> 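Input: one structure, supplied below.
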Amino acid sequence: MKVYRLSTAFCLFIFGKPTAMIRISKLASSIQPSATIAAGAKARELRAAGITVYDFSLGEPDFNTPQHICDAADAAIRKGQTHYTPTSGTAEARKAVAQWYGRYHGLDVGPENVILSNGAKQSIHNTLAAIVGPGEDVIIPAPYWVSYSDLVKMTGANVVLVETTLDTGFKMTPDQLRAAITPQTRILMLNSPCNPTGTVYSRAELEALADVYLEHTDGAILSDEIYEQLIYGGAKSTCVATLRPQLKERTITVSGASKAYAMTGWRMGWAVAPAPLVKAMDTIQSQETSCPSSVSQAALIAALNGPQEPVAEMLKEFTARRELVLNRLKTIPGVRPAPADGAFYAFFEVSSYFGKSFGGKPVSDSLSFCAALLEQAHVNLVPGSAFGCEGFVRMSFATSQSVIETGLTQLAEWLAGGK
Ligand code: PMP
Ligand code: GLU
């Protein structure tokens with residue numbers, strides 16, 4: 001077949017003005033790309049160019065999904081479970097989630113309280129879209145996971161940040177929460193264990209926050225508990241919906257299979273909430289994505305109902321990595337790490353290096369710090385500013401101990417070269 005190509009000059013001559021560029025919506029222009037996803041993409045790009053990168057950017061387990069979960073997905077495909085499912089997920093998959101909450105947290109919920117989605121990220125979006133809109137407030141303690149603020153902005157609601165510091169273990173106090181509540185407050189977002197700080201609130205600390213919230217507003221709580229199975233030492237994760245009897249009707253618990261079961265690519269997340277809210281989220285999801293993947297739902301059932309030893313094994317390895325990271329960081333002058341009681345991140349202060357120059361490049365904030373570090377030492381961290389906390393950087397330790405060893409040696413040497 002002959003292909004005719006028209007030059008731009010010829011088109012201009014024939015058709016006059018070039019067609020106008022498509023205008024990008026206010027919504028798309030007002031939000032930032034996910035900084036963690038962008039950092040992961042940057043590492044991939046460098047690796048493709050043949051550069052060895054010590055990549056600590058993405059919060060993604062390096063383990064493969066346990067075999068019995070893959071086998072369940074394989075069997076589902078062979079049985080023809082390759083069609084649309086109900087919007088909120090199959091009855092069996094929702095039952096598996098509901099029963100898991102009974103076993104793990106003592107929370108009495110049924111399938112009607114569960115909606116599965118394409119990752120916990122979509123569950124957070126569904127929750128926000130079903131509850132808030134312009135003029136309403138969503139309280140978020142900072143540092144917060146990168147996507148929270150932009151997901152709230154996408155609904156038109158206001159982000160009300162509550163700043164916390166390393167000195168208080170990055171924990172919001174009841175007084176701070178009281179001061180942040182307004183008549184427009186519709187949602188409080190909680191995330192314990194926390195990404196990026198690793199902070200885990202005790203049950204008593206969460207009760208104190210819940211009591212203030214219940215007393216001063218009729219808003220809801222969106223509790224993102226996706227790292228609930230990844231906790232270290234004496235820390236214990238708490239399901240916020242179980243704290244007070246009234247909270248079950250006011251809390252949306254978000255979680256997913258990505259972290260504990262090493263299932264990031266399967267995109268399996270969920271929200272557990274009062275049935276009328278689940279129905280509203282179902283309506284949104286029906287227009288948005290029809291349903292989550294049928295094959296991933298079969299895999300999820302195996303993950304939740306099958307043997308839990310793989311989770312314990314991965315946790316054991318994360319525990320060793322955490323020790324390694326925190327011990328090494330403590331030996332680097334001017335670096336102050338947060339305790340990291342849960343999740344798989346070390347969040348540490350590097351502001352004592354701001355104002356210095358590295359390889360001729362001035363470093364003035366966490367963004368320029370991470371850019372210079374990646375370019376010169378090929379160590380990839382995420383700037384604290386992406387999590388609403390300047391002066392800090394985040395290191396994911398969901399990677400091998402040997403990469404951690406070498407990467408931290410590179411980091412220490414690079415820092416020592418600052419002038
Ligand atoms: N919440 C937190 C705190 C996270 O770190 C992540 C990271 N992926 C998510 C939600 C979303 O997870 P996913 O969409 O992979 O289920
Ligand atoms: N939650 C992970 C992180 O914070 C994965 C990336 C993402 O979903 O943003 O790195």
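Each residue takes its place number in the sequence, starting with 1. Just follow the structure's listing: the first ligand is 1, and inside any ligand the first atom is 1. Keep in mind that this is a model prediction, so the values were computed, not measured.
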> So, 4.0 Å and heavy atoms of Gly256: is ligand 1 close enough to count as a contact?
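Contact absent.
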> Can you find a non-hydrogen atom of Glu60 under 4.0 Å from ligand 2?
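No; Glu60 lies far enough from ligand 2 that no heavy-atom distance drops under 4.0 Å.
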> Starting from atom 16 (O) of ligand 1, find the nearest protein heavy-atom neighbour and note its residue, name and distance.
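Minimum-distance protein heavy atom for atom 16 (O) of ligand 1 reads Ala120 N, 2.6 Å.
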> Using distance alone, decide if ligand 1 has a nitrogen or oxygen within less than 3.5 Å of any nitrogen or oxygen in Ser258.
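Yes, Ser258 has an N/O under 3.5 Å of an N/O on ligand 1.
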> Classify the ring geometry between Trp145 and Tyr148 as parallel (under 30°), tilted (30 to 60°) or perpendicular (over 60°).
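Answer is perpendicular, since the angle exceeds 60°.
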> Just let me know how Leu58 lines up against ligand 2, side chain, backbone, both or neither, with a heavy-atom cut-off below 4.0 Å.
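Both parts.
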> Looking at atom 11 (C) of ligand 1, what's its closest protein heavy atom, distance included?
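Minimum-distance protein heavy atom for atom 11 (C) of ligand 1 reads Trp145 CH2, 3.6 Å.
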> For Tyr345, which part has a heavy atom under 4.0 Å from ligand 2: side chain, backbone, both, or neither?
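It is the side chain that touches ligand 2; the backbone stays farther off.
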> Give a yes/no on ligand 1: does Asp224 have at least one heavy atom closer than 4.0 angstrom to it?
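Flag set, Asp224 near ligand 1.
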> List every atom of ligand 1 that sits less than 4.0 Å from any heavy atom of Lys259, numbering the atoms from 1 in the order shown and giving each element.
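What qualifies from ligand 1 is 6 (C), 7 (C), 8 (N).
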> As a check for students: among Tyr227, Tyr148, Phe344, identify the option with a heavy atom nearest to atom 4 (C) of ligand 1.
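It is Tyr227 whose heavy atom sits nearest to atom 4 (C) of ligand 1.
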> Mind checking whether Arg267 has a heavy atom under 4.0 Å from ligand 1?
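Yes, Arg267 has heavy atoms under 4.0 Å from ligand 1.
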